[in-house]
There are 2 protein chains.
Amino acid sequence: MSQVSQARRRAAQCSTCAMRHLCMPEGLSAFETEKLEDVISATRPVRRGEALFRTGDTFESLYAIRSGSIKTVVSREDGREQVTGLHLGGDALGLDGIGEGRHMSTAIALEDSSVCIVPYARFERMCRETGSIQRRLHQMMSREIVRETRQLTTLGTLRADERVARLLLDLSARFTRRGYASAEFTLRMTRDDIGSYLGITLETVSRTLSRFQARGLIDTRGKFIRINDFDALRAI
Amino acid sequence: MSQVSQARRRAAQCSTCAMRHLCMPEGLSAFETEKLEDVISATRPVRRGEALFRTGDTFESLYAIRSGSIKTVVSREDGREQVTGLHLGGDALGLDGIGEGRHMSTAIALEDSSVCIVPYARFERMCRETGSIQRRLHQMMSREIVRETRQLTTLGTLRADERVARLLLDLSARFTRRGYASAEFTLRMTRDDIGSYLGITLETVSRTLSRFQARGLIDTRGKFIRINDFDALRAI
DNA sequence: CGGCTTCTTGATCAAGCTCAAGCTTAGTGG
DNA sequence: CCACTAAGCTTGAGCTTGATCAAGAAGCCG
């Protein structure tokens, strides 16, 4: 079997990955779809706790999460660390490396995960050939910018309980979009990661969740969460 | 004079704009440069306090700041507002609109400013034709993502005085890159805007600046700032 | 089962917010 | 060009939110 058709077969498995999503909607020809699948050269497993890439690594590929979930973190010289992103199945990863040719963050799997590898040089060339794929890439990057802007407003204006509520609603919406139950999910991050992502301490996360539970807004047992009252969470 | 050559002449005036920066380095042919200048169709003045675009506006163009400075803000339903970006001469604006075809933030001039208008449809087409311009656009978007990630770490991990110090150093670096004095500049934002950008109150901004001055790190008189001790600011 | 990490909860404390008042600067109209 | 007014800035006092420190409970994995 040729290398190319092997790659194509692997890509075809990639049913939930962002690159697939990237090309599915609004009219790609069969020819275009085929080209896109050629460029998704391989998949790669990432174990829980393992890094997909690290700050400073040479940027070569974008990644799309096939399964699992991955956090991105930025560390400061003094050792303080901040979780800057939380990526689920279908999300793209690595866009921060395009600008300087090196990754500007570290991506760590929150559970055993699998990603599609999209060699950037070939992908960029393909964008030039196929307008609809180019448009997808630009949308993807723009949406990442908007997502971060939204996170900026979370960290800039919200109180602790508002931050936690927004995270829960956010995750719920994202799981829903992926076809999972909207009211029940398992947080893969630790309280520490959640706190870092929200700019609060792990104790405050824990206390806030307890308070939400006491008020009947959610049920929580460790990492498992059930949302009972969406409206009340939105109203916080 | 033909419309095209008029546009070209206007673009040629655009000596400091991002699109020019976008195309200057590493080898564009004269032909490519000419094409780029064709696509920069016009410039537009924006008065202090006036909006270049607003949340919800249909996205049609990117903008590059020719002169002046512009803040981007996001408003929440309850009226709370957050400054999410601070853009100086040469910076691009409007990337957040690509994803959904509508602007996701409001851009307001901090002083009388002027921007280059880059109609996006034509620009995207040109990216497809010219790889070096495409690469520039991708770099620009990626760097915006990295910039926001950095701002996330500011809001997520730093104390108030660290935030103010980082802003001052950041502005200094950006002015330096633009060929201005690195130690002296005039803040165009009000204390309120600065506070919103940094996720603190205007009173805390004012107090922090006063404390820096008392310690001899800076001189400040209203919006004018002189940095006396870069190392001390970095060490905060 | 034992040793680890993670989570919860309590008590205390301080950074930064709020409210308030006076001052300075900049913009406007006579 | 000056006077007036509104916007912006500074500083103080007191209070609140969430951080810190601490200790024990609960999961989780080898």
Side-chain angles (χ1 to χ4, degrees), chain A residues 47-50 71 78-83 108-112 154-168 186-215 218-225 236, chain B residues 47-50 71 78-83 108-112 154-168 186-215 218-225 236:
Chain A
R47 283 290 137 104
R48 182 181 197 287
E50 198 192 320
K71 69 175 173 180
D78 65 5
R80 275 188 279 182
E81 240 185 28
Q82 159 108 0
V83 175
I108 294 182
L110 293 166
E111 59 191 309
D112 292 353
T154 298
L155 298 188
T157 66
L158 299 191
R159 291 196 320 276
D161 53 349
E162 296 175 311
R163 297 184 196 195
V164 175
R166 186 184 267 197
L167 175 64
L168 295 181
T186 302
L187 285 171
R188 300 299 177 167
M189 305 166 101
T190 65
R191 300 288 190 262
D192 201 7
D193 282 336
I194 296 170
S196 172
Y197 184 55
L198 296 178
I200 56 185
T201 58
L202 69 101
E203 292 94 332
T204 299
V205 173
S206 180
R207 274 188 249 273
T208 304
L209 289 174
S210 298
R211 231 174 300 125
F212 284 176
Q213 173 145 36
R215 290 171 55 190
I218 62 172
D219 285 327
T220 139
R221 197 180 154 69
K223 299 206 189 299
F224 172 82
I225 297 230
I236 279 172
Chain B
R47 283 290 139 102
R48 180 182 198 288
E50 197 191 321
K71 68 176 173 180
D78 64 7
R80 275 189 278 183
E81 241 185 28
Q82 160 108 359
V83 175
I108 294 182
L110 293 166
E111 59 192 308
D112 291 354
T154 300
L155 298 188
T157 67
L158 301 190
R159 291 195 320 274
D161 54 349
E162 296 175 311
R163 298 184 195 195
V164 175
R166 185 183 269 197
L167 176 64
L168 295 180
T186 301
L187 287 170
R188 299 299 177 167
M189 302 166 101
T190 65
R191 300 288 189 261
D192 203 6
D193 282 337
I194 296 170
S196 171
Y197 184 55
L198 296 178
I200 55 184
T201 58
L202 69 101
E203 291 95 333
T204 299
V205 174
S206 180
R207 275 186 250 272
T208 303
L209 289 174
S210 298
R211 233 174 298 125
F212 284 175
Q213 173 144 35
R215 291 171 55 190
I218 63 172
D219 285 329
T220 141
R221 197 180 154 69
K223 298 205 190 301
F224 173 81
I225 297 231
I236 279 171

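Reckoned from all heavy atoms, side chains included, excluding hydrogens, waters and symmetry mates. Letters go in sequence order (proteins before strands), and every chain restarts at 1.
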Which atoms of nucleotides 10-14 of chain C (N or O only) lie under 3.5 Å from a protein N or O atom, and what are those distances?
residue, atom, partner, partner atom, Å
C:dG10, N7, A:R207, NH1, 2.8
C:dG10, O6, A:R207, NH2, 3.2
C:dA11, N6, A:R207, NH2, 3.3

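- Of the side-chain N and O atoms in B:K223, none sit less than 4.0 angstrom from OP1 or OP2 of C:dT25.
- Side-chain contact check for B:R166 and B:T154: at least one donor-acceptor pair (N or O, by modelled atom type) lies under 3.5 Å.
- Here the side chains of B:Q82 and B:L155 are in contact, with some heavy-atom distance below 4.5 Å.
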Close N or O pairs between protein and nucleotides 23-27 of chain D (under 3.5 Å):
residue, atom, partner, partner atom, Å
D:dG27, OP1, A:R221, NH1, 3.4
D:dG27, OP1, A:R221, NH2, 3.1

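- A donor-acceptor pair under 3.5 Å is absent between the side-chain atoms of B:R163 and the main chain of B:T157, judged by distance alone.
- Here the side chain of B:T220 is nearest to one of C:dC17, D:dT10, C:dT8, namely D:dT10.
- Rounded to an integer number of Å, the gap from B:R211 CZ to D:dG12 C1' is 13 Å.
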Exercise. After noting the C-alpha distance and the side-chain angles of B:R188 and B:D193, does the key distance pass the side chain to side chain contact (heavy atoms under 4.5 Å, CB included) rule?
Worked result: CA-CA 9 Å; B:R188 299 299 177 167; B:D193 282 337; over 6 Å; no
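- The CZ atom of B:R163 sits 8 Å away from the P atom of C:dG16 (whole-angstrom rounding).
- The side-chain heavy atoms of A:R215 and A:I236, taken from C-beta on, include a pair separated by under 4.5 Å.
- Taking the side chain as every heavy atom from C-beta outward, B:F212 and B:T220 never approach each other to under 4.5 Å.
- Contact annotation: B:T201 side-chain N/O to C:dC17 OP1/OP2 distance is under 4.0 Å.
- The nearest whole Å value for the distance from the CG atom in B:L198 to the P atom in C:dG16 is 12 Å.
- For the pair A:D161 and B:G222, nearest-nucleotide mapping onto DNA chain D gives the more 5' position to B:G222.
- Contact check, A:S206 against C:dT9: no side-chain N or O comes under 4.0 Å of OP1 or OP2.
- In this structure, the side chains of B:Q213 and B:D219 come closer than 4.5 Å at one or more pairs of heavy atoms.
- Atoms CG and CZ, from A:D112 and A:R47 in turn, are 5.0 Å apart once rounded to the nearest 0.5 Å.
- We find that CD of A:E111 is positioned 14 Å from P of D:dC28, with the value rounded to whole Å.
- Contact annotation: A:T190 does not reach the phosphate of C:dT5 (side-chain N/O to OP1 or OP2, under 4.0 Å).
- For the pair A:F224 CZ and D:dC28 C1', the interatomic distance rounds to 19 Å; values are reported in whole Å.
- Per the geometry, CZ belonging to B:R48 stands 11 Å off C1' belonging to C:dT25, to the nearest Å.
- Within the 4.0 Å cut-off from OP1 or OP2 of C:dT8, at least one side-chain nitrogen or oxygen of A:R191 is found.
- The interatomic distance linking B:L202 (CG) with D:dT11 (P) rounds to 13 Å, in whole Å.
- Atom CZ in B:R188 sits about 15 Å away from atom P in D:dG8, given to the nearest Å.
- Side-chain contact between A:K223 and A:T190 is present, with heavy atoms from C-beta onward closer than 4.5 Å.
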N/O donor to acceptor pairs below 3.5 angstrom from side-chain atoms of residues 199-210 of chain B, sequence neighbours left out:
residue, atom, partner, partner atom, Å
B:T201, OG1, B:T204, N, 3.4
B:T201, OG1, B:T204, OG1, 3.0
B:T208, OG1, B:T204, O, 2.6
B:S210, OG, B:S206, O, 3.0

